[in-house]
Amino acid sequence: MIKLDDTRYADEDVCKTDICLPEGKDFPTVVYFHGGGLEAGDKAEGNLREIAEYAAARGIAFLSANYRMYPYAKFPQYIEDAANAVSFAVREIKNYGGNGDIFVSGQSAGAYLAMMLCFDKRYLMKNGVSPLQIKGWLIESAQQTVHFNVLRERGEDKRKERLDEAAPLWFVDGELLFTKLRLLCYDDDIVCRRKQNELLYESVLHFSPTADIGLKVLQGTHCRASAVKENGKYPFAEMLCDFVFGREI
């Protein structure tokens, strides 16, 4: 595999991605956003490097992207950065040997960013990319209401459940379109997180019964499958590969 760390995808200093490429050419690509509440975390965390290497060894390019965070960023700058990272992959991955099939994923805060790109088409469309160009979205423990740090920025109690244009759930209606979406959450997830994802899943199907959406409730605490090795492997890495190659997770 080939590793290209700190590849710039936009002008801001923090807007860099670590790219892990498989051998050969014509491979699919995952763009991944780390968690950390929009105020912590990094693209090069040890578990993400191991997940990237696992994916690359199985023929998938893995782009782990940093983005602006609190307290230096304000809504929606981190979503705009995420859109730039995905747009970079759409434009450039064929130059690295990719086949142009792009998947987007993330955990927790990173999953919230991915959900906003999937459901609010304005962010990607600003860069000339449609969410429908993305082959699939694998979302782990996303907040589907207004993110708690967006509430804090507004001076509100972070425990509130609110819906507006900063919430993925806000965009669920009969005109919402996406390709393939899989939601992961946990039976002992953050307070309300499982219910948020169940509500989004049921709401999407209420409008579009044939939508390609799935929900899987895993055992454990928040984002456990990405943070804990079991039998030498990260369960999330295995699910990611299955997702990309069209195997149900």
Side-chain angles (χ1 to χ4, degrees), residues 28 30-33 35 38 75-76 78-80 82-83 86 90 101-126 129-148 150-151 160-220 222-223 225-226 236 239-240 242-249:
V30 170
V31 181
Y32 186 90
F33 301 108
L38 301 175
F75 179 88
Y78 27 77
I79 305 174
E80 294 168 345
V86 172
V90 170
D101 289 351
I102 307 295
F103 297 80
V104 178
S105 185
Q107 67 166 217
S108 196
Y112 165 79
L113 299 180
M115 284 297 309
M116 289 299 295
L117 298 185
C118 182
F119 277 23
D120 187 350
K121 64 183 179 181
R122 294 174 295 180
Y123 291 106
L124 286 175
M125 293 293 287
K126 184 178 180 180
V129 176
S130 167
L132 295 178
Q133 290 178 249
I134 307 306
K135 294 292 183 180
W137 309 77
L138 183 59
I139 306 298
E140 185 183 13
S141 289
Q143 184 161 356
Q144 305 293 1
T145 55
V146 176
H147 193 276
F148 64 82
V150 178
L151 292 173
K160 290 181 177 180
E161 300 292 331
R162 292 292 182 265
L163 292 177
D164 58 33
E165 291 189 349
L169 260 167
W170 177 261
F171 298 94
V172 178
D173 59 24
E175 298 181 1
L176 177 65
L177 295 174
F178 55 84
T179 47
K180 180 171 70 170
L181 174 62
R182 296 295 181 269
L183 305 169
L184 304 175
C185 58
Y186 295 82
D187 58 6
D188 190 22
D189 215 314
I190 290 175
V191 174
C192 297
R193 196 62 56 93
R194 174 178 175 176
K195 293 179 180 178
Q196 292 169 5
N197 281 272
E198 290 173 338
L199 176 59
L200 182 133
Y201 171 74
E202 293 172 4
S203 297
V204 168
L205 290 178
H206 185 62
F207 282 102
S208 303
T210 61
D212 193 353
I213 185 172
L215 170 68
K216 188 166 187 175
V217 179
L218 304 172
Q219 291 184 338
H222 183 64
C223 292
S226 290
F236 178 83
M239 288 187 284
L240 177 66
D242 285 342
F243 178 72
V244 169
F245 290 123
R247 300 185 289 265
E248 193 53 59
I249 58 175

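Residue indices begin at 1 and follow the sequence shown. Only this structure's heavy atoms are used, side chains among them; waters, hydrogens and symmetry mates stay out.
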Handout entry: Stepwise side-chain contact (heavy atoms from CB on, under 4.5 Å) check, Phe236 with Leu218
Key = CA-CA 11 Å; Phe236 178 83; Leu218 304 172; over 6 Å; no

Problem - Ala142 to Asn197 - nearest heavy-atom pair and separation - result: O-ND2, 3.1 Å

Problem - Approximate separation, where rounding is to 0.5 Å, of Glu140 CD and Tyr32 OH - result: 5.5 Å

Handout entry: Taking every non-hydrogen atom, the tightest pair across Phe33 and Val104
Key = CE1-CG1, 3.9 Å

Completion exercise
Rounded to the nearest 0.5 angstrom, the CD1-CD distance for Ile102 and Gln133 is 9.5 Å

Completion exercise
When rounded to the nearest 0.5 Å, the distance separating CD of Glu202 from CD1 of Ile213 is 10.5 Å

Fill in the blank from the handout: Heavy-atom closest pair (Leu151 atom, Lys160 atom, distance to 0.1 Å) is CD1-O, 3.3 Å

Practice task
Spell out, as yes or no, whether a donor-acceptor pair under 3.5 Å connects the side chain of Gln143 to the backbone of Val146.
Solution key: yes

Practice task
Evaluate the side-chain proximity of Phe245 to Pro28: yes if any heavy-atom separation is below 4.5 Å, no if none is.
Solution key: yes

Fill in the blank from the handout: Applying side-chain contact (heavy atoms from CB on, under 4.5 Å) to Asp188 and not counting sequence neighbours gives Thr221

Exercise for the section: Mind checking side chain to side chain donor-acceptor pair (under 3.5 Å) for Tyr201 and listing every partner two or more places apart, or none if nothing turns up? Expected result: none

Problem - Any donor-acceptor N/O pair, Asp189 side chain to Tyr186 backbone, under 3.5 Å - result: yes

Completion exercise
When every non-hydrogen atom of Leu124 is compared with those of Pro131, the smallest separation belongs to CD1-CA, 4.0 Å

Problem - Atom pair CD1 (Ile139) and CG (Leu215), whose distance is rounded to the nearest 0.5 Å - result: 12.0 Å

Show me, pair by pair, the donor-acceptor contacts under 3.5 angstrom made by side chains of residues 106-119, not counting sequence neighbours?
| unit_1 | atom_1 | unit_2 | atom_2 | d |
| --- | --- | --- | --- | --- |
| Ser108 | OG | His222 | NE2 | 2.8 |
| Tyr112 | OH | Ala166 | O | 2.6 |

Handout entry: Partners passing side chain to side chain donor-acceptor pair (under 3.5 Å) against Glu161 (at least two apart in sequence or in another chain)
Key = Thr145, Gln196

Practice task
Give, for atom NE2 of His147 and atom CG of Leu38, the distance between the pair rounded to the nearest 0.5 Å.
Solution key: 4.0 Å

Exercise for the section: Apply side chain to side chain donor-acceptor pair (under 3.5 Å) to Tyr78 and list each qualifying residue two or more places apart in sequence or on a separate chain. Expected result: Tyr70

I'd like a table of donor-acceptor pairs (distance under 3.5 Å, sequence neighbours excluded) in which one partner is a side-chain atom from residues 171-185, with atom names and distances.
| unit_1 | atom_1 | unit_2 | atom_2 | d |
| --- | --- | --- | --- | --- |
| Asp173 | OD1 | Glu175 | N | 2.9 |
| Asp173 | OD1 | Leu176 | N | 3.1 |
| Thr179 | OG1 | Ile134 | O | 2.6 |
| Thr179 | OG1 | Lys135 | O | 3.4 |
| Lys180 | NZ | Phe243 | O | 3.1 |
| Arg182 | NE | Glu248 | OE2 | 3.2 |
| Arg182 | NH1 | Asp212 | O | 3.2 |
| Arg182 | NH1 | Asp212 | OD1 | 3.0 |
| Arg182 | NH2 | Asp212 | OD1 | 2.7 |
| Arg182 | NH2 | Glu248 | OE1 | 3.4 |

Practice task
With rounding to the nearest 0.5 Å, note down the distance linking SG in Cys192 to CZ in Phe148.
Solution key: 13.0 Å

